[in-house]
Asks: 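Please read through the structure below; I'll follow up with questions.
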Protein chains: 2
Amino acid sequence: MRQPTADTANWISRFQGLMQLDQDTREQLLRKSQIISAPKGAVIFGPGKSPENMLFLLDGTVRVQQVSETGREILLYRITAGESCVLTTACLLAYEDYAAEGIAETAVRAAALPRAIFDELVASSPTFRNFVFTAFSKRITDLFHVIDEVAFQRIDVRLAQGLLDLAGQGDHLAITHQQLAVDLGTAREVITRQMQEFQRRGWVRLARGTVDILDRDALRHLSGR
Amino acid sequence: MRQPTADTANWISRFQGLMQLDQDTREQLLRKSQIISAPKGAVIFGPGKSPENMLFLLDGTVRVQQVSETGREILLYRITAGESCVLTTACLLAYEDYAAEGIAETAVRAAALPRAIFDELVASSPTFRNFVFTAFSKRITDLFHVIDEVAFQRIDVRLAQGLLDLAGQGDHLAITHQQLAVDLGTAREVITRQMQEFQRRGWVRLARGTVDILDRDALRHLSGR
DNA sequence: CCACTGTCTGTGACTTTGTCACCAACGCCT
DNA sequence: AGGCGTTGGTGACAAAGTCACAGACAGTGG
């Protein structure tokens, strides 16, 4: 467990790529940004609600997902503590119509940096610029990965991966089949059936709204990592 | 038809977002970049072949596609004349392992700008910076679109869209079922069957390696635009 | 305690899409 | 003419998604 409310005054040190920033830029970043909070379930940004700020996530996670015309949803990526929200920032510099939305998956705290300052820092600090492009990279390769998985990977493999990802260290998950279905961009029934199969094999134990992982190795083996 | 070898000396004017560049930056861009050519089928970048330059495409098109572990491929996006190659540039600033590859779909000509200069211009010119982020935006929303389509759209709808896109103004396409399958990230047999169905309905005429569109309206109607 | 309500899960029947294993037709080369 | 690689066609089957509905559970308010 890491401290939930670490020293806010020096949040920069939690971001790998920002640690080498020169003193001047650090100060700008600290002075011009503002610490904000949002409760679980809050819509951080979305269609018609563009983020005026670039966010540096201090605590919690934000899920960025997309809703298709048909009403179905899919998770694009998660932003976890210690990561930033570059994609949306950059996207909204240009295109206002934006199919994706960001939702606080837990209560979140973040440092918010106004667009204008973001732009200034990109111009003035090579380190900051590098941070931004690196963050971009990661997100984009993530997106490539999502495309690959959705297009070519079997659903049982993806589900096994998803369960392991979500479980982290623990073996207990509080999640519904519907939520898992959205994460993977498939239908709830498909998840239900696969979970049954996993349970039949003794890999998980199911109950209403929860999943217990009984055999990590089996799941890991299926997931191919 | 546009002139295939337009005045190279002033290629900047072909890029919407670069026209407002100040004189200084324009000169940098022209002096430090180099016009390069590649034949049809050339691999512009790919795994183990990272682009040392940012490309501004003057003529031709480049297809950026991804090859999955299973060997199947999918088109991520196309870069057409008048567009640039920002995603890859930025990506490769950071992550060298890169699943995507860029292939010249036709003979291409491009202005190549070394990374270092790219970085300088991003720092010094607000207009250039804006161009870069706008280009990013477009690509990323394209990727979101691909994810949405792959995950949720029916294959017949996607095929109809694909045919219309590829046909442009004309009614004749020189393309194999296999190539269409890669574009949509599906299997060749699936395309064959759908095309048969389209032909049965009188929407297209098929021949070895070619497709003639007979009923654009029907395709457009199915494609939902 | 019971009835009511909304959420969550389970299931069968069916359609669509993807996979596998072939084969046939075509164009090209020697 | 014969051989060969590419392209397209097909049937049988497996995987995944859709639709319609039913039962099970947890809370809520009487």
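All chains are named by letter (A, B, ...) in the order of the sequence lines, taking the proteins before the strands, and each is independently numbered beginning at 1.
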Asks: Picking from D/dG17, C/dT19, D/dT10, which would you name as closest to the side chain of B/Ala187?
Replies: C/dT19
Asks: Figure out the CG/P separation between A/Asp156 and D/dA14, and round it to whole Å.
Replies: 15 Å
Asks: Counting only side-chain N and O atoms of B/Arg154, is one of them less than 4.0 Å from OP1 or OP2 of D/dG17?
Replies: no
Asks: Starting at atom CD of B/Glu197, determine the distance to atom P of D/dT10, rounded to an integer number of angstrom.
Replies: 13 Å
Asks: Quick one, A/Leu76 and B/Phe144 - any side-chain contact, counting heavy atoms below 4.5 Å?
Replies: yes
Asks: Can you tell me the distance, in whole Å, between the CD atom of B/Glu149 and the C1' atom of C/dT17?
Replies: 16 Å
Asks: NA contact type, B/Glu189, heavy-atom cut-off 4.0 Å: base, sugar-phosphate, or nothing?
Replies: base
Asks: Calculate the interatomic distance between A/Gln194 atom CD and D/dG17 atom P; express it in whole Å.
Replies: 10 Å
Asks: Expressed as a whole number of angstroms, how long is the span from A/Ile191:CD1 to C/dT11:C1'?
Replies: 16 Å
Asks: Between the side-chain atoms of B/Arg158 and the base atoms of C/dT16, is any donor-acceptor pair under 3.5 Å?
Replies: no
Asks: Do B/Arg78 and B/Leu166 make a side-chain contact, defined as non-hydrogen atoms from C-beta onward lying under 4.5 Å apart?
Replies: yes
Asks: Using whole Å, report how far CZ of B/Arg208 lies from P of C/dA25.
Replies: 12 Å
Asks: Choose from C/dT19, D/dA16, D/dT7 the nucleotide whose nearest atom is closest to any side-chain atom of B/Arg72.
Replies: C/dT19
Asks: Under 4.0 Å between a side-chain N/O of B/Thr186 and OP1 or OP2 of C/dG18, yes or no?
Replies: yes
Asks: Starting at atom NE2 of A/His177, determine the distance to atom P of D/dA24, rounded to an integer number of angstrom.
Replies: 16 Å
Asks: Using side-chain heavy atoms (C-beta onward) and a distance below 4.5 Å, is A/Arg158 in contact with A/Val150?
Replies: yes
Asks: Which nucleotide in the set D/dA16, D/dG9, C/dG18 lies at the smallest distance from any side-chain heavy atom of B/Gln196?
Replies: D/dG9
Asks: Check the distance between C/dT19's C1' and A/Phe152's CZ and give it to me in whole angstrom.
Replies: 14 Å
Asks: Hey, what do you get for CG (B/Asn53) to CD1 (B/Ile36), rounding to the nearest 0.5 Å?
Replies: 6.5 Å
Asks: Under the 6.0 Å and 45° cation-pi test, does B/Arg14 pair with B/Trp11?
Replies: no
Asks: Can you find a donor-acceptor N/O pair under 3.5 angstrom joining the side chain of A/Arg188 to the base of C/dG10?
Replies: yes
Asks: With DNA chain C as reference, determine whether A/Ala207 or A/Arg193 sits nearer its 5' end, using the nearest nucleotide of each.
Replies: A/Ala207
